[in-house]
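As the structure is a computational prediction, the values presented were derived from the model and not from experiment. What you see below is based on every heavy atom in this structure, not just the backbone, and it leaves out hydrogens, waters and symmetry mates.
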Amino acid sequence: MRGRMHFAVIGLALVMSLPGVAAGQTEPPALTGSVGFADQALMEGVLVSARKIGTSITITVVSDKDGRFSFPASKIRLGEYSLAIRAIGYELEEPKRIDISGENSSAIKLNLRKTADLASQLSNGEWLISMPGTDAQKSQLLNCVGCHSLERIAGSKYDSDAFLTQIMPRMQGYVNQSIPAHPQLRRAERLMEERDDQRVQVYRAGADFLSTINQSAGPWSYAFKTNARPSGRATRVIYTEYDLPRETISPHDVIVDPDGIVWFSSFGEQNLGRLDPKTGQVTEFPIPEHKPGFPTGGLGLRADKEGNLWLGNMYQATIVKFDRMSKTFKFWPLPTEQNIDAAQVNMVSAQSSHVDGKVWAQNNGFAGVHRLDLATGAIETWQPFRDGPKGVFHNIYDVIPDSKNNVYFTDFRQRHIGRIDAKTGELKLFEIPTPGSAPRRGSMDAQDRLWFGEYRGNRIGMFDTRTEQFKEWNLGTPWSAPYDVVLDKNEEAWTGSMITDQVTRLDTRTGEMVDYLLPRSTNIRRVFVDNSTTPVTFWIGSNHGASIVKLEPLD
């Protein structure tokens, strides 16, 4: 399910080799041009993408306030390129190709026209701001975007009964790492109990709502609303997108090692992936199945102090370690008593394992936290909510250790951050100020401050583990639903959205935010910042687009 880009054929000889540039000067462009709608003024905030024919790498820049764009010489090589744009409501008048031959330089003009199919361009977030209904009604759709776009729902023609009796039960049967090209069924089914009147009413209400936002009664009765195009600092950016070799590769977590090599977890397949960003070459390391017949795929990917990679193998219920030097795996399956059909080890965190030789993990099958002793192989387990009130549900989503290897966890179903003391095993819960905020993924900074995404609170959250105080920043774009947050070396926090195709950069000192729109539909999960560059470089996986994206801000 790759995102749409609108391709615009011209034969131009554009400069490739330019004279040397003095130190401190801006790099000369290899390809320049302008973009606008018909004879009207030139347009700011249009994403222009260039992809060399026969390659897997696409470079994208954004037009400035004068409607002009330029591609740096370091990003463009000799050859033939296809061009594409992203600008909500517009498309290229005709397909375009350029021949970069290294001869005379010439600027190009890209002419746009109004699209006749605006629905196909809407992001999930734009569907949500367009649809009628309350925020509470729309919020249930946040459960859907993990597997597919909201366009699939809005474009359907199912009535309420069909949603209730066919579609919703079927969707509940799929695991979270399913995509349309690779659906996988749960072994421990989520059942709709017809005897539970309250649950039936909830589903009926949801089915009724879904039938009002799709085309079951004819064409959409509501007008489409769109977010503004990028402007100002949001246009000062270069994107590099690396397509992966199969549509079914869902790069969930992406990290960059000290050698500049990119590693990624495959959400639905038993592979650890490696990308060489200089060549675009992809190598996959197969992970054997420990529970044949159960859903496959990996989620959380993190590195320990020595640079070894640790992976949560989800329904295979196994902690996985990959030695980056020897390129070999080691495995620790869960103990039999915890290895139930619903067991789901998503996150493994070995960042502070050098402190005491212990590695933390979580279990989504029963809201549990595990700790692996590397010396003995023993796995101990906490179930923080086992004796809690009946009817109050919990989902321990992420586990993040501090510098002393105490672990903090996020309760995705509620509004809490939990802490387990590494030495005593004592449990503490801390309540996030925003109700129903649904904390999801997070990271610990050098000051032992926990940064996390508030998926349903539309906020970036920070918990200072030393003062035990929270701070929150409300994101400017509705329905951003941040999944994860990481702080860079400049005290700027970065997050990405599964909903809006935007990456948000927050200056935590001033509160200023920049929203970078990605070149195509990009279901963002884990975020990674490479602090070795200046400015920093931001990496993500396009979980539904089978690609990896590098974002380089220019300031």
Side-chain angles (χ1 to χ4, degrees), residues 230-239 253-258 260 302-303 305 349 351-352 398-408 410 417 419 430 432-434 437 439-455 457-477 480-497 500 502-518 524-540 549-555:
S231 62
R233 290 185 70 195
T235 68
R236 293 186 47 74
V237 61
I238 299 174
Y239 305 93
D253 281 27
V254 173
I255 64 175
V256 182
D257 71 19
R302 287 176 163 123
K305 189 176 182 181
S349 293
Q351 301 94 299
S352 297
D398 201 4
V399 284
I400 309 103
D402 65 12
S403 60
K404 297 179 180 179
N405 212 21
N406 304 301
V407 77
Y408 291 80
T410 59
I417 299 295
R419 178 186 189 273
F430 306 92
I432 299 169
T434 300
S437 51
R440 204 157 188 177
R441 291 286 292 274
S443 59
M444 197 74 68
D445 69 17
Q447 301 177 50
D448 276 344
R449 295 176 299 180
L450 173 62
W451 297 83
F452 56 94
E454 298 183 26
Y455 186 69
N458 213 56
R459 288 166 168 80
I460 287 174
M462 185 273 287
F463 179 65
D464 189 322
T465 65
R466 297 173 179 175
T467 65
E468 299 184 351
Q469 298 295 312
F470 285 96
K471 188 172 183 179
E472 299 175 287
W473 292 264
N474 191 15
L475 298 184
T477 303
S480 291
Y483 177 92
D484 183 28
V485 179
V486 64
L487 189 75
D488 70 14
K489 63 184 179 183
N490 303 311
E491 290 287 309
E492 292 189 310
W494 295 77
T495 189
S497 172
T500 64
Q502 290 181 343
V503 169
T504 298
R505 175 187 185 182
L506 163 70
D507 188 325
T508 61
R509 296 158 297 190
T510 67
E512 179 187 3
M513 296 186 191
V514 182
D515 288 328
Y516 299 99
L517 178 66
L518 296 179
I524 302 171
R525 306 298 175 90
R526 184 66 165 163
V527 300
F528 183 88
V529 172
D530 182 357
N531 280 305
S532 68
T533 63
T534 301
V536 301
T537 307
F538 181 85
W539 292 84
I540 49 169
V549 183
K550 177 174 68 171
L551 184 159
E552 297 173 273
L554 298 179
D555 58 13

For this session: Would you mind reporting whether Glu468 and Phe463 have side-chain heavy atoms less than 4.5 Å apart?
Result: yes
Problem set entry | Student check: side-chain heavy atoms of Val503 and Asp515 closer than 4.5 Å | no
Exercise. Do the side chain of Ser443 and the main chain of Val485 share a donor and acceptor less than 3.5 angstrom apart?
Worked result: yes
Exercise. Taking the six-membered ring for Trp, are the ring centroids of Phe470 and Phe430 within less than 6.0 Å of each other?
Worked result: no
Exercise. Is the distance between the ring centroids of Trp451 and Trp494 less than 6.0 Å?
Worked result: no
For this session: Using only heavy-atom distances, determine whether the side chains of Asp448 and Ser403 contain a donor-acceptor pair under 3.5 Å.
Result: yes
Exercise. Using a distance-only test with no angle check, is there a side-chain donor-acceptor pair under 3.5 angstrom linking Thr500 and Ser497?
Worked result: yes
For this session: Determine the minimum heavy-atom distance between Arg526 and Gly442, stating which atoms define it.
Result: NH1-O, 3.2 Å
For this session: Kindly say whether Glu492 contributes a backbone atom to a donor-acceptor pair with the side chain of Thr508 at under 3.5 angstrom?
Result: no
Exercise. Does any N or O in the side chain of Asp484 come within less than 3.5 Å of the main-chain N or O of Val527, such that one atom is a donor and the other an acceptor?
Worked result: yes
Exercise. Sub-3.5 Å donor-acceptor pair from the side chain of Ser352 to the main-chain atoms of Asp402, do we have one?
Worked result: yes
Exercise. Taking the six-membered ring of Tyr483 as reference, does the NZ or CZ atom of Arg441 fall below 6.0 Å from its centre and within a 45° cone about the axis?
Worked result: no
Problem set entry | Side-chain donor or acceptor of Asn458 paired with backbone N/O of Ala481 under 3.5 Å | yes
Exercise. Is it the case that Gln502 and Ser480 place a side-chain donor and acceptor less than 3.5 Å from each other?
Worked result: no
For this session: Report yes if some heavy atom in the side chain of Glu454 is under 4.5 Å from a heavy atom in the side chain of Thr434; otherwise report no.
Result: yes
Exercise. Are Leu475 and Ile460 close enough that some pair of their side-chain heavy atoms sits under 4.5 Å apart?
Worked result: yes
For this session: Identify the two heavy atoms, one from Ile540 and one from Val254, that lie closest to each other, and give their separation to 0.1 Å.
Result: C-CG2, 3.8 Å
For this session: Starting from the C-alpha separation in whole Å, work towards a yes-or-no answer on side-chain hydrogen bond (donor to acceptor under 3.5 Å, both in side chains) for Asp398 and Thr410.
Result: CA-CA 5 Å; Asp398 201 4; Thr410 59; 5.6 Å; no
For this session: Using modelled atom types only, decide if a donor and an acceptor are shared between the side chain of Ser437 and the backbone of Pro439 within a distance under 3.5 Å.
Result: no
Problem set entry | Residues Arg233 and Glu512 bridged, charged N to O under 4.0 Å | yes
Seminar exercise, completed: Scanning both residues in full, the closest heavy-atom pair of Ala493 with Leu487 reads N-CD1, 3.9 Å
Exercise. With distance as the sole test, does Tyr239 use its side chain to make a donor-acceptor pair with the main-chain N or O of Leu517 at under 3.5 Å?
Worked result: yes
Problem set entry | Separation of Phe528 CZ from Arg302 CZ (nearest 0.5 Å) | 12.0 Å
Exercise. Is any side-chain heavy atom of Phe538 less than 4.5 Å from a side-chain heavy atom of Pro553?
Worked result: no
Problem set entry | Residue pair Val549 / Leu518: nearest heavy atoms and the distance that separates them | CG1-CD2, 4.5 Å
Seminar exercise, completed: Closest non-hydrogen atoms of Phe452 and Met462, given as atom of the first, atom of the second and distance, are CE2-N, 3.8 Å
Exercise. Is Arg449 paired with Asp464 through a side-chain N to carboxylate O contact shorter than 4.0 Å?
Worked result: no
Problem set entry | 4.5 Å side-chain heavy-atom contact, Leu554 and Val237 | no
For this session: Decide side-chain contact (heavy atoms from CB on, under 4.5 Å) for Val407 and Ile400; before the verdict, give the C-alpha distance in whole Å, the side-chain angles of both, and the deciding distance to 0.1 Å.
Result: CA-CA 6 Å; Val407 77; Ile400 309 103; 5.8 Å; no
Problem set entry | NZ/NE/NH1/NH2 to OD/OE distance under 4.0 Å, Lys489 and Asp445 | no
Exercise. Are Arg509 and Glu491 close enough for a salt bridge, meaning some N to O gap below 4.0 Å?
Worked result: no
Problem set entry | Exercise: identify the closest heavy-atom pair between Val399 and Pro401 | O-CD, 4.0 Å
Problem set entry | Verdict with supporting geometry, Thr465 and Met444, side-chain contact (heavy atoms from CB on, under 4.5 Å) | CA-CA 10 Å; Thr465 65; Met444 197 74 68; 4.1 Å; yes
For this session: With rounding to the nearest 0.5 Å, note down the distance linking CD in Glu552 to OG1 in Thr533.
Result: 7.5 Å
